[in-house]
Amino acid sequence: MATTKATPSGKTFKPPIRPAEAGYGSTGESDALRLLKADHDEVATMFEEYEESDDDGEKQEMAQTICAALTVHAEIEEEIFYPAAREVLEAQELELVNEADVEHAAVKELVSQIEASDPTDDHFDATIKVLKEYVKHHVREEESELFPRLEARELDREAVGNALAARKAELLLA
Ligand SMILES: [Fe+2]
Ligand SMILES: [Fe+2]
């Protein structure tokens with residue numbers, strides 16, 4: 001991929017690091033907000049599939065898959081996304097990230113209860129359902145409050161997206 005090209009005057013033209021027409025964000029595959037939204041959609045589908053199942057073995061497997069997906073997602077957000085967001089948000093907007101941290105802690109608590117349990121427990125389905133509601137609430141806040149604010153800020157969505165994708169791949173292999 002060429003990063004420079006000759007202008008008619010013979011001078012070398014160097015494009016800005018962030019092309020003006022593309023803003024600070026990115027609309028490509030590695031866009032951080034798109035990547036996180038894809039994770040959100042994927043886990044919402046998993047919850048729906050869980051609810052459609054009435055086989056304990058299948059439910060156990062699905063519950064573990066949901067827990068693993070949420071753990072990886074929370075990890076990449078806490079390690080990479082939230083710190084990057086904190087750097088570009090205004091001071092009065094940081095409370096949004098603080099709330100997200102607290103919500104992650106609540107989600108993790110439910111995930112560990114589910115991981116220590118199984119579908120023969122009469123509270124298993126209820127715990128999954130509460131987890132689903134918590135996640136839905138948290139995702140709504142991220143997508144309707146945090147992401148739109150970041151779209152207006154100087155967040156390098158592609159660089160953050162690449163870092164998120166790399167770390168996610170690493171965690172999935174672990
Ligand atoms: Fe989150
Ligand atoms: Fe998220």
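Just the heavy atoms: all of them, side chains too, but no hydrogens, waters or symmetry mates, feed the values below. What you are looking at is a predicted structure, and each value in this text was computed from that prediction instead of being measured. Each ligand, and each atom within it, is numbered from 1 in the order the structure gives.
Residue contacts to the Fe ion (ligand 2): His138 brings no N, O or S atom closer than 2.8 Å. Contact annotation: His73 places no N, O or S atom under 2.8 Å from the Fe ion (ligand 1).
Glu142 contributes atom OE2 as its closest N/O/S atom to the Fe ion (ligand 1). Among heteroatoms of the N, O or S kind in Glu77, OE1 lies nearest the Fe ion (ligand 1).
When only modelled atom types and interatomic distance are considered, Asp55 and Ser53 share no side-chain donor-acceptor pair under 3.5 Å.
At a threshold of 4.5 Å between non-hydrogen side-chain atoms, the residues Leu36 and Glu142 do not count as touching.
Looking at Arg34, its side chain never comes within 3.5 Å of a backbone N or O of Ser30 through a donor-acceptor pair.
Aromatic ring orientation, Phe81 versus Phe147: perpendicular (interplanar angle above 60°, classes split at 30° and 60°).
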